[in-house]
Amino acid sequence: MALSMKMRASARVVSGRRVAAVAPRVIPFSSVARPILRSTFAPEVSIDIRRAGRSRIVVEAVKKSVGDLGKADLEGKRVFVRADLNVPLDKKTLDITDDTRIRAAVPTLKYLLDNGAKVLLTSHLGRPKGGPEDKYRLTPVVKRLSDLLGKEVKKVDDCIGPAVESAVSSLKNGEVLLLENVRFYKEEEKNDAEFAKKLAANADLYVNDAFGTAHRAHASTEGVTKFLKPSVAGFLLQKELDYLDGAVSAPKRPFVAIVGGSKVSSKITVIEKLMEKCDKIIIGGGMIFTFYKARGLKVGSSLVEEDKLELAKNLEALAKTKGVQLLLPTDVVVADKFDANANTQIVKVEAIPDGWMGLDIGPDSIKSFTAALSDAKTVVWNGPMGVFEFPKFATGTVSVANTLAELTPKGAITIIGGGDSVAAVEQAGVAEKMSHISTGGGASLELLEGKILPGVAALDEK
Ligand SMILES: Nc1ncnc2c1ncn2[C@@H]1O[C@H](COP(=O)(O)OP(=O)(O)O)[C@@H](O)[C@H]1O
Ligand SMILES: O=C(OP(=O)(O)O)[C@H](O)COP(=O)(O)O
């Protein structure tokens with residue numbers, strides 16, 4: 001297993017300052033920059049220093065990986081594994097509609113189990129309101145994961161406390177126990193130290209393989225590392241960081257980001273930073289209506305993030321100042337209700353009728369997005385263009401997916417990230433045609449933004 005992991009930790013920071021403006025022509029990279037940068041990290045920490053583009057030097061502390069641990073470290077040990085098993089489910093049947101994230105978790109789990117570890121597997125699912133909700137139980141994951149691992153996955157209906165303690169005490173070497181949705185406790189998202197301690201109480205060491213949640217500083221992604229040593233990265237986390245960092249730190253241009261979906265409040269905030277990196281930004285999905293409302297347009301009953309109106313307005317102005325193309329749909333498919341069989345109309349964005357909601361981008365927008373993508377050499381896409389789960393509103397998403405699939409053979413790098421975006425690309429039958437399918441949407445965007453992901457930063461350095 002390759003161990004050339006180069007993860008960002010307290011990276012890109014020298015004495016508290018970003019290294020972004022170091023010009024290689026002024027400071028010869030190898031002779032002067034290297035010792036200066038090296039001196040800012042503790043001597044025992046392995047680091048990697050490299051050029052990223054013309055005016056950027058990246059310093060990365062190399063994180064410890066699960067592959068650094070062998071049988072002697074793992075046999076009989078209780079390993080707390082945080083994965084991102086937040087898979088899309090059919091709302092009625094609770095069947096898994098896309099298992100990409102479960103499949104992606106398998107290599108780390110197999111490695112641990114083959115080395116005789118007792119695995120306590122943890123994840124969140126959806127966004128429960130801080131207490132148990134049946135629709136967010138991890139139960140649907142059990143069968144799929146058992147099939148993939150070729151062994152029984154046990155499950156307990158809690159993630160802390162006596163039930164877990166008793167299930168762990170009867171766990172044998174090479175067995176895996178799935179804990180219940182960690183977000184059934186509001187303390188998880190608050191990164192509460194007492195809760196993290198309780199999560200850690202039944203384990204000896206920690207593996208974080210949840211790339212999709214690495215941008216969240218939660219108890220199971222960050223807090224537990226204070227109580228479990230070693231705390232190391234799983235193979236998926238390692239693979240995602242290696243790929244994404246390589247592709248986006250010195251991207252082939254034109255570089256286009258496509259942002260859509262429904263997590264408007266967390267993703268709209270990324271757009272300003274994307275303007276510094278990308279040549280074009282295409283906006284679709286539920287995010288567009290916040291922009292339209294900010295322009296003073298009527299949006300009917302479409303999804304709107306009221307407290308982001310000012311930001312949306314500023315972003316449009318900023319794009320003009322910076323000369324970045326910020327493309328929004330010019331027409332939308334509206335529905336009279338949020339339903340697969342709703343009545344629909346295609347309208348200009350200036351003419352959304354009262355009481356109707358925009359659930360997909362329209363045909364004119366598809367044409368202009370396709371044109372904007374035609375010369376792209378790197379594309380990062382997170383967030384579907386519409387409610388693709390309903391066939392009537394899947395056209396925009398499928399069209400963009402097909403456009404990207406045609407770009408890859410022409411030499412473009414196409415990266416799709418996010419639980420639902422990946423499900424959409426799978427549904428469109430073009431996942432194989434993309435350069436990289438990432439298990440993280442928000443995480444990929446934050447990485448692209450240049451942020452240090454807290455779930456990665458907290459891990460032990462090599
Ligand atoms: N116009 C829209 N209105 C409401 N929801 C939308 C709209 N467009 C897309 N969505 C929804 O966005 C969801 C995915 O959003 P998000 O979680 O941000 O993406 P990802 O999981 O790929 O990161 C999908 O379930 C889709 O139905
Ligand atoms: O689905 C996820 O993120 P994504 O939709 O950005 O890919 C992750 O599981 C994180 O979930 P969260 O955005 O509720 O923290």
Side-chain angles (χ1 to χ4, degrees), residues 82-91 97-98 100-102 104-105 123-129 136 181-183 188-189 210-218 220-221 240 258-268 270 283-292 299-305 329 332-335 337-340 342 344 349 352 356-362 365 380-397 400-401 415-427 437-448 453-455:
R82 176 51 155 110
D84 186 337
L85 306 174
N86 180 26
V87 285
L89 300 178
D90 182 289
K91 285 193 176 59
T97 55
D98 183 76
T100 303
R101 282 180 169 164
I102 307 179
S123 179
H124 73 285
L125 181 80
R127 291 180 165 176
K129 296 185 176 56
Y136 292 129
N181 192 337
V182 70
R183 287 193 186 167
E188 159 68 358
E189 292 179 66
F211 174 70
T213 325
H215 57 316
R216 310 281 184 220
H218 292 172
S220 68
T221 59
E240 292 268 24
I258 310 174
V259 187
S262 59
K263 291 179 180 170
V264 182
S265 60
S266 60
K267 289 171 188 173
I268 196 170
V270 174
I283 313 280
M287 192 172 295
I288 56 181
F289 306 100
T290 302
F291 283 89
Y292 300 146
V299 294
S301 50
S302 307
L303 182 69
V304 168
E305 208 66 55
V332 284
V333 181
V334 292
K337 57 183 171 203
F338 190 88
D339 191 276
T344 65
V349 297
I352 298 176
W356 290 62
M357 61 183 78
L359 297 185
D360 196 9
I361 60 173
S365 313
V380 174
W381 177 18
N382 169 244
M385 296 292 99
V387 181
F388 72 96
E389 295 91 338
F390 300 152
K392 276 189 176 182
F393 309 106
T395 311
T397 305
V400 170
I415 300 170
I416 319 299
D420 293 303
S421 305
V422 171
V425 170
E426 288 280 357
Q427 188 179 303
I437 294 288
S438 171
T439 51
S444 302
L445 291 180
E446 291 200 16
L447 199 69
L448 170 56
L453 305 182

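Both ligands and their constituent atoms are indexed starting at 1 by order of listing.
Looking from atom 22 (O) of ligand 1 to the surrounding protein, the closest heavy atom is Ser421 OG, 2.5 Å. Taking atom 27 (O) of ligand 1 as the reference point, the nearest protein heavy-atom neighbour is Glu389 OE1, 2.7 Å. For atom 10 (C) of ligand 2, the closest heavy atom belonging to the protein is Gly212 O, 3.5 Å. Remark: minimum distance from atom 13 (C) of ligand 1 to any protein heavy atom is reached at Ser262 OG, 3.4 Å. The nearest protein atom to atom 18 (O) of ligand 1, hydrogens excluded, is given as Lys267 NZ, 2.9 Å; this is a heavy-atom distance. Protein heavy atom closest to atom 6 (O) of ligand 2, with residue, atom name and distance, is Gly442 N, 2.7 Å. Lys263 NZ, 3.2 Å is the protein heavy atom nearest to atom 3 (O) of ligand 2. Nearest protein neighbour of atom 7 (C) of ligand 1, counting heavy atoms only, is Gly286 N, 3.5 Å. Among protein heavy atoms, the minimum distance from atom 21 (O) of ligand 1 is reached at Asp420 N, 2.9 Å. The protein heavy atom nearest to atom 5 (N) of ligand 1 is Val387 CG2, 3.7 Å. For atom 15 (O) of ligand 2, the closest non-hydrogen atom of the protein is Arg216 NE, 2.6 Å.
The CD1 atom of Ile268 sits 11.5 Å away from the CD1 atom of Ile288 when rounded to the nearest 0.5 Å. If you take CG on Leu445 and CH2 on Trp381, they are separated by 13.0 Å, rounding to the nearest 0.5 Å. Distance OG/Ser438 to CZ/Phe211: 4.5 Å, rounded to 0.5 Å. We find the CD1-CZ distance between Ile437 and Arg101 to be 12.0 Å, quoted to the nearest 0.5 Å. One finds the CG atom of Leu453 at 11.0 Å from the CZ atom of Arg216 (value rounded to the nearest 0.5 Å).
At under 3.5 Å, not a single nitrogen or oxygen of Thr439, backbone or side chain, sits near a nitrogen or oxygen of ligand 2. At a 3.5 angstrom cut-off on N or O pairs, Gly440 does not count as close to ligand 2. Note: an N/O pair closer than 3.5 Å links Lys267 and ligand 2 by distance alone.
For atom 3 (N) of ligand 1, the nearest non-hydrogen atom from the set Gly285, Gly284, Gly358 comes from Gly358.
No salt bridge links Glu189 with Lys129; every basic N to acidic carboxylate O contact stays at or beyond 4.0 Å.
Residue-level proximity to ligand 2 for Arg183 is carried by the side chain, the only part with a heavy atom below 4.0 angstrom. Counting heavy atoms under 4.0 Å from ligand 1, residue Met357 does not touch it at all. Under 4.0 angstrom from ligand 1, there are no non-hydrogen atoms of Ile288. Contacts of Arg101 with ligand 2, taken as heavy-atom pairs under 4.0 Å, involve the side chain alone.
Ligand 2 lies within reach of His124, whose nearest heavy atom is under 4.0 Å from it.
No side-chain heavy atom of Phe388 sits under 4.5 Å from any side-chain heavy atom of Asp360. The shortest side-chain heavy-atom distance between Arg127 and Lys263 falls under the 4.5 Å cut-off. Val425 is not listed as a side-chain neighbour of Gln427, based on a closest heavy-atom distance of 4.5 Å or more. Counting heavy atoms from C-beta outward, Val270 and Val259 have side chains that stay 4.5 Å or more apart. Side-chain contact between Asp420 and Glu389 is present, with at least one heavy-atom pair separated by less than 4.5 Å. Counting heavy atoms from C-beta outward, Asp84 and His124 have side chains that approach closer than 4.5 Å.
With ligand atoms numbered from 1 in the order given, ligand 2 contributes 12 (P), 13 (O), 14 (O) to contacts under 4.0 Å with heavy atoms of Arg127. The Phe289 neighbourhood of ligand 1 comprises atoms 1 (N), with distances under 4.0 Å to a heavy atom of that residue. Close approach of ligand 2 to Asn86 is summarised as follows: ligand atoms under 4.0 Å from at least one heavy atom of the residue are 1 (O), 2 (C), 8 (C), 9 (O), 11 (O). Close contacts between ligand 2 and Gly419 involve ligand atoms 7 (O) [criterion: under 4.0 Å to a heavy atom]. Below 4.0 Å from some heavy atom of Asp84 lie the following atoms of ligand 2, by number and element: 8 (C), 9 (O). Close approach of ligand 2 to Gly418 is summarised as follows: ligand atoms under 4.0 Å from at least one heavy atom of the residue are 7 (O).
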From CA spacing to verdict: side chain to side chain contact (heavy atoms under 4.5 Å, CB included), Leu125, Leu89: CA-CA 10 Å; Leu125 181 80; Leu89 300 178; 3.7 Å; yes
Working for side chain to side chain contact (heavy atoms under 4.5 Å, CB included), residues Ile258 and Met385: CA-CA 9 Å; Ile258 310 174; Met385 296 292 99; 3.5 Å; yes
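The two residues Phe289 and Val299 have their closest heavy-atom pair at O-CG1, 3.6 Å.
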